[in-house]
Amino acid sequence: MGYDDRAVDEPVLIDAAQRGDLDAFNRLVLHYQELAFNVALRVMGEEAAAADATQEAFISAYRSLRGYRGGSFRSWLLRIVTNACYDELRRRKRRPAVSLEALAEDSEGEGWIGSSNPSDNPEAAAQRHELIDAIQNCLSGLPPEFRIVAVLVDVQGLDYDEAALSIGKPLGTVKSRLARARAKLRDCLKAYGELLPAEFRLQNEAVP
Amino acid sequence: MSEQGQVSTRDMEQLSAYLDGRLERSEAARLEARLSQDSQLRLELQELRATVRVLSSLPRIRPPRSFTLQPQAVGRHTGYPFLQLGTALATLSFLVVVGADLLVSRGAQPTQIADRLLAAPAAQPEAAAEVPALDQSLGLTPEGTPAAEAVGAAQGETDEFAQAQAESPAPTGTAQPETSKYRAGEVETAEPAAGEPAAAASDADATPAAPEPGREAELQAGAELPPASEPQELTTTEPVSSRRSAFLRAAEIGLGATALVLGVLTVRARRRA
């Protein structure tokens with residue numbers, strides 16, 4: 001669409017967007033939508049819900065843009081995204097019709113970014129798919145507040161400080177939630193034994 | 001709370017932070033010393049490390065669509081913030097009026113019967129029993145001369161009075177025009193409308209308004225109170241408090257209903273949003 005994210009300073013865009021310039025805001029959206037959507041996807045567990053949450057997040061970000069007072073815009077935005085996820089989770093809990101269908105559809109429809117996973121070998125691709133489903137299942141089994149921290153730090157690679165800003169909680173909370181989440185995820189992933197990468201299994205079998 | 005029965009939560013937190021290089025140097029050294037001797041702890045660390053690696057292997061997914069905002073999507077307010085504000089204002093006004101009513105009625109209890117006899121005399125006995133009758137007589141006063149004729153006006157114009165009553169079975173009548181306005185979605189009018197009765201209540205003595213024909217009483221009730229009640233004080237002081245409390249009661253019901261309706265609309269807007 002002719003947008004070039006790097007051509008313009010982020011603060012300049014934010015400033016313009018705060019003064020009501022929707023174009024400027026949309027350039028920020030284009031820059032952050034992949035991150036926002038991926039966070040939402042891993043928290044929500046399925047694409048349609050993640051897309052809804054992401055859209056809601058950007059709408060509410062635009063509306064509350066005046067409330068942004070400097071600092072990391074990414075964290076500010078992620079906080080809105082995680083809140084939108086909480087809202088969406090609550091809404092879906094009320095009408096849980098979304099179901100397995102959507103999940104199945106979703107995992108088939110995943111378009112990967114990057115070419116680090118060449119899927120020329122169908123068998124390997126299928127296995128990789130199963131692993132992804134397994135990880136997502138385990139994530140979805142966590143209570144939302146643990147899940148969000150695991151997604152931010154372990155899936156998205158945020159550091160503790162940014163994760164703390166993104167969930168609006170102190171650093172200590174991030175640390176303890178992350179530890180709990182990892183322990184639970186490890187227990188859950190063990191059930192998927194043979195899907196896991198070799199090093200995981202080896203360690204597992206090495207138990208005396 | 002040990003996840004496996006072997007390692008404590010505290011150890012788990014330490015291992016987790018250690019993995020990310022977030023332990024103090026002294027703590028890290030202590031942990032490393034333990035790791036070198038405790039194979040169980042070592043295993044735990046390895047499993048955690050593998051878990052993190054597995055998680056980070058999740059692929060990034062390309063968003064299914066662009067999330068840029070369209071001008072109309074942003075312009076189209078759900079009205080939620082306005083509804084929220086309106087609900088808050090209506091509720092606040094309601095509480096204020098209830099408080100005021102308590103104060104007034106505590107002071108006026110014994111004189112109420114006398115008021116009613118004076119203001120809405122025997123011509124309409126059942127009307128005398130109804131609180132809004134007092135409002136109604138206020139609405140009528142401007143047609144005569146303001147002062148002592150107020151009572152006479154109420155007596156004389158029973159036709160109009162009955163008609164007015166038929167039109168507006170107050171006190172709920174006061175609520176109706178407001179709530180229907182909100183239903184129509186004129187959210188912007190919510191604030192002033194909700195604030196109006198409260199302002200009228202608190203400024204009752206201070207803001208005389210242009211007298212209106214009696215039958216447009218409902219919403220003007222607050223505004224018309226002053227011109228009518230001030231002259232009344234010449235003859236007797238009791239009706240003032242009684243009328244005030246009658247007005248307050250009507251305002252209470254109106255505001256209560258408004259707050260309720262707005263609250264429901266707010267919840268619905270929130271759900272839709």
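Each chain gets a letter, A, B and so on, in the order its sequence line appears, and its residues count up from 1. Nothing here was measured: the structure is a model prediction, and the numbers come from that model.
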Given heavy-atom pairs under 4.5 angstrom as the criterion, report whether the side chain, backbone, both or neither of [X] touches chain B.
X         : value
Ile59(A)  : both
Leu171(A) : side chain
Tyr32(A)  : neither

Practice task
Start with the C-alpha distance between Glu34(A) and Ile61(B), add both sets of side-chain angles, then the distance that settles side-chain contact (heavy atoms from CB on, under 4.5 Å), and finish with yes or no.
Solution key: CA-CA 8 Å; Glu34(A) 192 189 305; Ile61(B) 304 298; over 6 Å; no

Check: [Y] main-chain N/O paired with [X] side-chain donor or acceptor under 3.5 Å:
X         : Y        : value
Arg182(A) : Ser16(B) : yes
Asn38(A)  : Arg60(B) : no
Gln55(A)  : Phe67(B) : yes

Which atom pair, heavy atoms only, marks the closest approach of [X] to [Y]?
X         : Y         : answer
Arg128(A) : Pro59(B)  : NH2-CD, 3.9 Å
Leu48(B)  : Ala183(A) : CD2-N, 4.2 Å
Tyr62(A)  : Leu69(B)  : CB-CD1, 3.6 Å

Exercise for the section: In sequence, state the C-alpha distance, the side-chain angles, and the governing distance for Asp20(B) and Leu178(A), and then conclude on side-chain contact (heavy atoms from CB on, under 4.5 Å). Expected result: CA-CA 11 Å; Asp20(B) 298 319; Leu178(A) 187 61; 3.7 Å; yes

To the nearest 0.5 Å, what is the distance between [atom1] on [X] and [atom2] on [Y]?
X         : Y         : atom1 : atom2 : result
Leu55(B)  : Arg186(A) : CG    : CZ    : 12.5 Å
Ile132(A) : Ser57(B)  : CD1   : OG    : 7.0 Å
Thr51(B)  : Asp187(A) : OG1   : CG    : 8.5 Å
Thr68(B)  : Leu22(A)  : OG1   : CG    : 8.5 Å

Practice task
Could you check if a side-chain atom of Ser56(B) sits within less than 4.5 angstrom of a side-chain atom of Gln156(A), using non-hydrogen atoms only?
Solution key: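 Heavy-atom side-chain distance check fails, nothing below 4.5 Å.
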
Handout entry: Side chains of Thr54(A) and Pro63(B) in contact at under 4.5 Å (non-hydrogen atoms)
Key =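 They are not in side-chain contact.
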
Problem - NZ/NE/NH1/NH2 to OD/OE distance under 4.0 Å, Arg180(A) and Glu13(B) - result: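 Judged by the 4.0 Å cut-off on N to carboxylate O distance, Arg180(A) and Glu13(B) do not form a salt bridge.
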
Problem - Carboxylate-amine/guanidinium proximity below 4.0 Å for Asp161(A) and Arg22(B) - result: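 Yes, this pair counts.
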
Problem - Arg65(B) atom CZ: more than 12 heavy-atom contacts under 6.0 Å - result: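 Atom CZ in Arg65(B) is packed in, count exceeds 12.
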
Practice task
Quick one: list whatever passes ring-ring contact (aromatic ring centres under 6.0 Å, His included) with Tyr86(A), sequence neighbours left out.
Solution key: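 Tyr86(A): no ring-ring contact (aromatic ring centres under 6.0 Å, His included) contacts found.
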
Exercise for the section: Please state whether the side chain, the backbone, both or neither of Arg49(B) comes within less than 4.5 Å of a heavy atom of chain A. Expected result: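 Interface part for Arg49(B): neither.
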
Handout entry: chain B contacts, top residue of Leu35(A), Asp154(A), Val155(A) (heavy-atom pairs, under 4.5 Å)
Key =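 Going by pairs under 4.5 Å, I would pick Asp154(A).
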
